[in-house]
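The structure under discussion appears below in the form of structure tokens.
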Amino acid sequence: MRSSWADSVANADNSAFATGASASTISNNAANTAPRPGRPAYVPPHLRNRPASSEPLAVPSSADRSFASKLSPGLGVSSGGSQWGSGLSRPGLSNGRGGSGGWGSRNSSWDREANPFTNEDETVDEAAFDGQDNTGINFDAYEDIPVEISGENVPQAVSTFAEIDLGEAVNENVRRCKYVKPTPVQRHAIPILLARRDLMACAQTGSGKTAAFCFPIIGGIMKEPPSQRQRGSRTAYPQALILSPTRELSIQIHEEARKFSYQTGVRVVVAYGGAPINQQLRELERGVDILVATPGRLVDLLERARVSLQNIRYLALDEADRMLDMGFEPQIRRIVEQMDMPERGQRQTMLFSATFPREIQRLASDFLYNYIFLAVGRVGSSTDLILQRVEFVLDSDKRSHLMDLIHAQRVNGAHGKQALTLVFVETKKGADSLEHWLCINGFPATSIHGDRTQQEREQALRSFKSGATPILVATDVAARGLDIPHVAHVINFDLPNDIDDYVHRIGRTGRAGKSGLATAFFNENNSSLARPLAELMQEANQEVPQWLSQYAVTRSSYGGRNRRSGGARFGGRDFRRDSSTRGGGGGDYYGGVGGYGSGAYGASSGYGGGNPGLTSAWD
DNA sequence: AAAAAAC
């Protein structure tokens, strides 16, 4: 079972953990609301969301009111009960107590809120993953993380969750998530967001970014009366929009957000492509406060007028630098600037990523109003629970070399189970053929890439997480944000062309304070990456092979997009600060793999990225 | 040049 952060401190056990996220449970809300024992009678869809016209409006009894006020003292929700009788369902509040009594038993029983803390997917044999080296988590290192903050009137950071009191319901969810102490990015970002300031935040992979923007959004929505829903309108008016670059990441964010908002009455819905739209439409019709979406499906919903953005008060872009890169920018701009979303300044905008190139910062500033820049850097200066290795491997030798690595991995697997190995390749075809080759050579592998069906993608992720196929061949679809516990080894079979992608990829391992290994196959084709890679590894106190250093000097073009500035400093930099200086040098932010999350520096210096059971909230 | 993201 999971252990809490506190447990992991006490036990110095940073290996046993489980994520709460599971593709199947998230994407399958219908299943979650399936009939269960003791549940009131089924209400057909056409009768849902209608106040029973022949009956008086649902007015909570005084007992129920006090329950509501217990849920969110001082947040104004307690007095809002009667507002919710008018067609806007607040299933959490109405069904908070076991589903009987209260308003839920009358008109909302059909949408009893499934408990997001029960993970049907958690069939993984956790014990099989135990027993890795435990170095303990040193919370003192926590205080040493370099932080750069710029902007006007920056709110004070907090150091405990008690200081971020968002009401008893949310506090209870914090406890259920086993969060003991906010992570550095949470300590700074949450007060900034609660002060209603726009934010651009850079923090390592696995550093708790999702929670950092979810908690303030949920708290803000709970404070306001729920927006009235037009009767008869099939348009949904979410108050918060969270965009992410891949479907699986949206699924994961949704899963997390559901935990944070459980029994708060705040409804979270996810919408993404590749899955039947009808179920998503039904979820939207039931009411949505927070919409988590990928851009394409959202545009579809906007064009169908099934979603309007006119009530958006919170906009969050996860993996914001990816969302604003060449492939995504027009679509994002369209959603943010050319639909009916309130302008910047009229909404609160929050951008999060582990990497933030300065030119992307410049683009992003279009969306922001008087924002605060926050960079949470690495812990301490050194060592390596994640070992980064680079090996010179010709394309023709890659497969046999991979086989050697996996063999070694198998030997090292705990309890006879093979440790999870995530293999990144450059192309979808390459992923297919490598998966096939691995399989016919007796290695249980699966793959995830954009040409597979959504079902196949989610199945692959499940099968990998469960250990059924401990090798996952992936394109960059899996490079960002995904919280896959127990990944012991990330292999860059093909290196990416962009160092930021490398940073995100290797951030899939070394999570939650576990040790991790990242191996890259480098050859002539990757010469443009030599210099940034060598610099990155040096910053991470990794051993840089002599030949790579040579390569960096002699074979890579000077400067260029991949060039990082700032040398050994931890790198976080607000582009506004050096916009007066010349253009090229100053500013990419690299917050990436350096810190606690990936473990490269952090884990050994203690902070370790967290703990078992916390992990899934950590990106 | 590739990947991702709607039907």
Side-chain angles (χ1 to χ4, degrees), chain A residues 27 241-254 269-281 284 291-307 309 317-336 338-339 353 355 357 360 395 422-435 447-458 460-461 472-482 492-505 508 521 523-529 557 560-562:
Chain A
S27 60
L241 176 64
I242 301 171
L243 291 172
S244 94
T246 66
R247 297 163 183 172
E248 287 76 14
L249 187 52
S250 280
I251 290 169
Q252 179 180 297
I253 294 167
H254 174 243
V269 174
V270 66
Y272 55 90
I277 201 170
N278 281 336
Q279 186 185 325
Q280 294 172 10
L281 289 174
L284 289 167
L291 178 59
V292 184
T294 49
R297 178 55 61 89
L298 176 62
V299 168
D300 188 2
L301 292 167
L302 290 166
E303 285 171 348
R304 296 176 189 224
R306 298 300 294 261
V307 169
L309 302 178
L317 301 191
D318 200 9
E319 308 297 341
D321 60 331
R322 164 66 79 233
M323 301 303 280
L324 291 170
D325 79 7
M326 285 204 310
F328 269 122
E329 195 216 349
Q331 210 169 11
I332 300 302
R333 229 171 244 290
R334 184 171 169 215
I335 291 168
V336 176
Q338 287 157 33
M339 301 306 228
S353 182
T355 53
I360 301 287
D395 283 344
L422 180 51
V423 183
F424 282 104
V425 296
E426 195 58 19
T427 66
K428 294 177 280 198
K429 267 179 67 174
D432 279 336
S433 77
L434 184 57
E435 177 202 0
S447 71
I448 183 167
H449 61 71
D451 275 354
R452 304 201 73 191
T453 68
Q454 191 54 30
Q455 262 194 336
E456 289 170 331
R457 286 165 57 159
E458 291 176 32
L461 217 42
L472 178 65
V473 183
T475 61
D476 268 331
V477 70
R480 284 174 173 257
L482 293 188
N492 275 289
F493 189 89
D494 302 318
L495 273 164
N497 293 316
D498 188 327
I499 190 68
D500 285 347
D501 292 330
Y502 173 84
V503 165
H504 285 274
R505 285 180 179 185
R508 296 317 102 210
F521 295 175
N523 64 36
E524 200 74 33
N525 301 325
N526 311 114
S527 56
S528 69
L529 201 67
S557 55
R561 174 179 178 336
N562 286 328

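Letters A, B, ... are given to chains in the order of the sequence lines, protein chains preceding strands, and every chain is numbered from 1. This is a predicted model, so every value here is computed, not measured.
- For A/Arg457, a side-chain nitrogen or oxygen approaches OP1 or OP2 of B/dA5 to under 4.0 Å.
- A/Lys429 has no side-chain polar atom (N or O) that falls below the 4.0 Å cut-off from OP1 or OP2 of B/dA2.
- The two atoms that bring A/Gln454 and A/Gly274 nearest to each other are CB-O, 3.2 Å, heavy atoms only.
- Note: CG (A/Leu302) to C1' (B/dA5) measures 14 Å, nearest angstrom.
- Between the C1' atom of B/dA2 and the CG atom of A/Leu529 lies a distance of 15 Å, rounded to the nearest Å.
- Taking atom CG of residue A/Leu243 and atom P of nucleotide B/dA6, one finds them 10 Å apart after rounding to whole Å.
- With hydrogens and angles ignored, a donor-acceptor pair under 3.5 angstrom links the side chain of A/Asn497 to the base of B/dA1.
- Comparing atom distances between the A/Thr246 side chain and each of B/dA5, B/dA2, B/dA6 picks out B/dA5 as nearest.
- Checked against side-chain hydrogen bond (donor to acceptor under 3.5 Å, both in side chains), A/Ser433 has the following partners two or more places apart in sequence or in another chain: A/Arg399.
- Nucleotide B/dA1 holds its P atom 17 Å from the CG atom of A/Asp476, rounded to whole Å.
- Look at CG on A/Asn526: it is 14 Å from C1' on B/dA2, rounded to the nearest Å.
- Across all strands shown, A/Val299 has no heavy atoms under 4.0 Å from either base or sugar-phosphate atoms.
- Comparing A/Ile277 and A/Asp451 by the nucleotide of DNA chain B that holds the closest heavy atom to each, the one mapping nearer the 5' end is A/Asp451.
- Applying the 4.0 Å criterion to OP1 and OP2 of B/dA1, one finds that A/Thr427 has every side-chain N and O outside that range.
- Between A/Arg247 atom CZ and B/dA6 atom P there is a gap of 5 Å when expressed in whole angstrom units.
- The side chain of A/Thr294 places no N or O atom within less than 4.0 Å of a non-bridging phosphate oxygen (OP1 or OP2) of B/dA4.
- Dashed line: the shortest gap from a side-chain N or O of A/Arg304 to OP1 or OP2 of B/dA6 is not under 4.0 Å.
- Ranking B/dA5, B/dA6, B/dA4 by closeness to the A/Tyr272 side chain, first place goes to B/dA6.
- Contact annotation for A/Gly273: backbone-only contact, meaning every heavy-atom pair under 4.0 Å involves sugar-phosphate atoms and none involves a base.
- Taking atom CD1 of residue A/Ile332 and atom C1' of nucleotide B/dA4, one finds them 11 Å apart after rounding to whole Å.
- Taken to the nearest 0.5 Å, the CG atom of A/Asn492 stands 9.5 Å off from the CD atom of A/Glu426.
- One can place CG of A/Leu301 at 10 Å from P of B/dA6, the figure rounded to the nearest angstrom.
- Every residue meeting the side-chain hydrogen bond (donor to acceptor under 3.5 Å, both in side chains) condition with A/Arg333, not counting sequence neighbours, appears here in chain and number order: A/Glu329, A/Glu337, A/Asp366.
- Between the side chains of A/His449 and A/Asp432, at least one donor N or O lies within less than 3.5 Å of an accepting N or O.
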